[in-house]
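Heads up: the structure comes next, in structure tokens.
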Number of protein chains: 2
Amino acid sequence: MNNVEQLKYVMKQMINITEEECNIFLNKTNLKIFKKGEVVSKPEVIPNEIYFINKGIIRVSIIDNEGTEHTIHFALENQFIADYSNFMQRTPSMYTLQALEETEVVVLPRTTVDWGYQYLSEGQKLGRLIAEYYFIYQDMRIKNTYILTPKQRYDRITDVFPNIHNRAPQHMIASYLGITPIHLSRLKKS
Amino acid sequence: MNNVEQLKYVMKQMINITEEECNIFLNKTNLKIFKKGEVVSKPEVIPNEIYFINKGIIRVSIIDNEGTEHTIHFALENQFIADYSNFMQRTPSMYTLQALEETEVVVLPRTTVDWGYQYLSEGQKLGRLIAEYYFIYQDMRIKNTYILTPKQRYDRITDVFPNIHNRAPQHMIASYLGITPIHLSRLKKS
DNA sequence: TCACAACGTTAACAAATGTTTAGATTTATG
DNA sequence: CATAAATCTAAACATTTGTTAACGTTGTGA
């Protein structure tokens with residue numbers, strides 16, 4: 001029941017929930033710490049956990065048919081992260097989740113998530129708001145790939161991932177932007 | 001209370017809802033028909049409606065700072081469409097919605113949507129499932145921009161938009177793929 | 001501390017994609 | 001039906017982006 005204060009705060013921001021209801025729910029979670037570089041979640045497995053980051057940073061990546069790795073996302077403190085698509089569809093994950101620093105997470109097993117939908121008085125609403133939050137993020141991302149150049153997206157990356165330049169190597173940032181590290185190097189000069 | 005059978009069917013697929021509850025909800029909607037080429041929703045206005053397409057096809061587009069128009073999405077029969085991000089955030093829309101054929105929609109005004117969240121017994125769950133459905137679609141899209149070439153995305157476009165080649169001009173498809181119509185012409189030859 | 005791997009930059013060249021212009025065909029509409 | 005607009009293709013050239021290889025720096029674990 002310790003170290004869930006951040007998640008408790010986030011939940012109380014999103015829905016009406018009593019201290020007691022919240023505590024019962026959070027009792028069904030557990031804490032986990034990943035070392036720098038450690039893999040949090042592997043592809044080819046049906047994901048059955050959602051993570052809430054207390055401290056640290058998790059990179060989401062995927063490998064294409066040529067074997068090239070692409071960085072899809074960075075997840076920061078006070079955010080939920082999972083291969084959410086495959087979690088919901090109960091299909092094997094395609095993403096790798098990896099801690100870029102020592103990272104502490106609250107683990108929400110599927111049983112806990114389902115319990116929340118069933119028994120928390122505003123559980124469905126919480127789920128809706130979280131899905132909507134990420135929908136808005138993805139919509140902004142998709143929009144930006146259409147209307148911004150890679151350079152412009154690079155210049156604005158700290159809007160979405162503050163301090164990312166001190167927490168992730170440049171080649172991962174380039175990969176997130178969809179360009180090669182060599183090309184990012186070039187863009188920075190101009 | 002007519003011409004809502006398709007939407008009724010979709011709702012009953014997603015949540016437990018009685019015929020009566022459904023009818024009360026659908027009484028708060030209205031039907032609208034757009035002619036071919038007609039604009040459904042303009043940018044710079046706070047969107048206050050969600051549309052469910054009975055028949056037809058709606059294109060979603062955005063204009064960048066250089067004045068170039070980009071096709072972001074096609075919405076087909078039995079799908080919901082809106083500038084959902086800005087609907088939720090109550091901020092001015094950035095997208096243009098335009099009917100590519102004569103299109104019949106069920107209009108869900110914001111008041112109706114809010115009523116559903118408040119009074120439908122599984123209203124929040126319905127909202128969650130819809131947001132999750134579009135999250136999965138967006139996730140697939142983002143993933144594909146990383147791991148597929150434009151040609152591969154072109155070859156698979158009918159997976160997502162069946163029969164799109166007969167319903168939208170090629171330059172809009174090229175725009176959706178993020179390439180110029182000239183380049184799409186080239187890709188088709190190879 | 002030392003040695004090795006990871007990282008960032010640069011240059012030269014190759015491949016992918018965009019731009020401009022033109023022309024032919026199809027489609028929409030009075 | 002006739003005309004104008006929209007659409008698709010093509011070629012030539014320009015720009016952007018990727019690839020390969022080399023080099024120096026930094027970080028990290030034995």
Side-chain angles (χ1 to χ4, degrees), chain A residues 34-39 56-57 59 61 63-71 74 96 98-103 144-155 157-158 161 163-190, chain B residues 34-39 56-57 59 61 63-71 74 96 98-103 144-155 157-158 161 163-190:
Chain A
F34 295 96
K35 292 190 207 121
K36 176 172 182 171
E38 200 173 343
V39 167
I57 175 168
R59 177 175 72 120
S61 62
I63 296 181
D64 68 22
N65 288 331
E66 273 73 42
T68 309
E69 185 185 81
H70 301 267
T71 296
F74 300 101
T96 299
Q98 182 195 29
L100 294 185
E101 307 168 353
E102 175 165 299
T103 296
N144 284 347
T145 62
Y146 282 95
I147 66 178
L148 298 180
T149 64
K151 179 66 161 63
Q152 289 171 321
R153 278 182 277 134
Y154 175 75
D155 290 337
I157 197 169
T158 50
F161 307 120
N163 202 26
I164 190 66
H165 297 301
N166 299 315
R167 303 184 79 180
Q170 217 139 84
H171 65 89
M172 290 181 188
I173 294 173
S175 175
Y176 173 81
L177 295 171
I179 59 178
T180 59
I182 292 98
H183 190 56
L184 177 55
S185 226
R186 273 190 292 234
L187 292 179
K188 278 167 59 186
K189 277 202 306 184
S190 62
Chain B
F34 295 96
K35 293 191 205 120
K36 175 172 182 170
E38 200 174 341
V39 168
I57 175 170
R59 177 175 71 118
S61 62
I63 296 181
D64 68 20
N65 288 332
E66 274 73 42
T68 308
E69 185 185 80
H70 302 266
T71 296
F74 300 102
T96 299
Q98 183 195 28
L100 294 185
E101 307 168 353
E102 175 164 301
T103 296
N144 284 347
T145 61
Y146 282 94
I147 66 178
L148 298 180
T149 63
K151 179 66 161 66
Q152 289 171 321
R153 278 182 279 135
Y154 175 75
D155 290 338
I157 196 168
T158 50
F161 306 119
N163 203 26
I164 190 67
H165 297 299
N166 299 315
R167 304 184 79 179
Q170 218 139 83
H171 66 88
M172 289 181 188
I173 294 173
S175 176
Y176 173 81
L177 296 170
I179 60 179
T180 59
I182 291 98
H183 190 56
L184 177 55
S185 223
R186 272 190 294 233
L187 291 179
K188 278 168 56 186
K189 277 203 305 184
S190 63

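Quick note: numbers below take in every heavy atom, side chains included, and nothing from hydrogens, waters or symmetry partners. Within every chain, numbering begins at 1; the chains are lettered A, B, ... in the order of the sequence lines, protein sequences first and strands thereafter.
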Roughly, in whole Å, what's the span from CG in B:Leu148 to C1' in C:dA16?
17 Å

Supply the atom-to-atom distance A:Ile164 CD1 to A:Tyr176 OH, rounded to the nearest 0.5 angstrom.
9.5 Å

Please lay out, stage by stage, how A:Leu187 and A:Ile179 fare under the test side chain to side chain contact (heavy atoms under 4.5 Å, CB included).
CA-CA 10 Å; A:Leu187 292 179; A:Ile179 59 178; 3.7 Å; yes

Start at the 5' end of DNA chain D and walk down; is the nucleotide closest to B:His171 or to B:Arg186 reached first?
B:His171

Please work out if A:Pro181 contacts a base, only the sugar-phosphate, or nothing of the nucleic acid, heavy-atom cut-off 4.0 Å.
nothing

To the nearest 0.5 Å, what is the distance between NE2 (B:His183) and OH (B:Tyr154)?
12.5 Å

What is the first contacted nucleotide of DNA chain D and what is the last, in 5' to 3' order, if contact means an atom lying under 4.0 angstrom from a heavy atom of chain A?
D:dT17 to D:dT28

By nearest nucleotide on DNA chain C, pick out whichever of B:Thr180 and A:Ala168 is the more 5' one.
A:Ala168

What nucleic acid atoms does A:Gly178 come within less than 4.0 Å of, heavy atoms only: base, sugar-phosphate, or nothing?
sugar-phosphate

Closest nucleotide of DNA chain D for B:Ser185 versus for A:Leu187: which of these residues is on the 5' side?
B:Ser185

Provide, to the nearest angstrom, the distance between the OH atom belonging to B:Tyr154 and the P atom belonging to C:dT17.
15 Å

Distance in angstrom units between B:Leu177 CG and C:dG18 P, rounded:
11 Å

Within this structure, what is the NE2-to-C1' distance between A:His183 and C:dA11, rounded to whole angstrom?
15 Å

Need one value for A:Ile182: base, sugar-phosphate or nothing, where a base atom within 4.0 Å counts as base even if backbone is also close, heavy atoms only.
base

Rounding to 0.5 Å, atoms CE (B:Met172) and CD (B:Glu69) come to a distance of 7.0 Å

Is there a side-chain contact between A:Gln170 and the phosphate of C:dA6, meaning an N or O under 4.0 Å from OP1 or OP2?
no

Return the CD1 to OG1 distance between B:Ile147 and A:Thr68, rounded to the nearest 0.5 Å.
11.0 Å

A:Asn144 CG to B:Asp64 CG distance, which is reported to the nearest 0.5 Å:
11.5 Å

Send over the distance from A:Glu66 CD to C:dA15 P, rounded to a whole Å.
16 Å

Does A:Lys36 reach a base, just sugar-phosphate, or nothing at all? Heavy atoms under 4.0 Å.
sugar-phosphate

Take atom CG in B:Asn163; do more than 12 heavy atoms of anything else shown fall under 6.0 Å from it?
yes

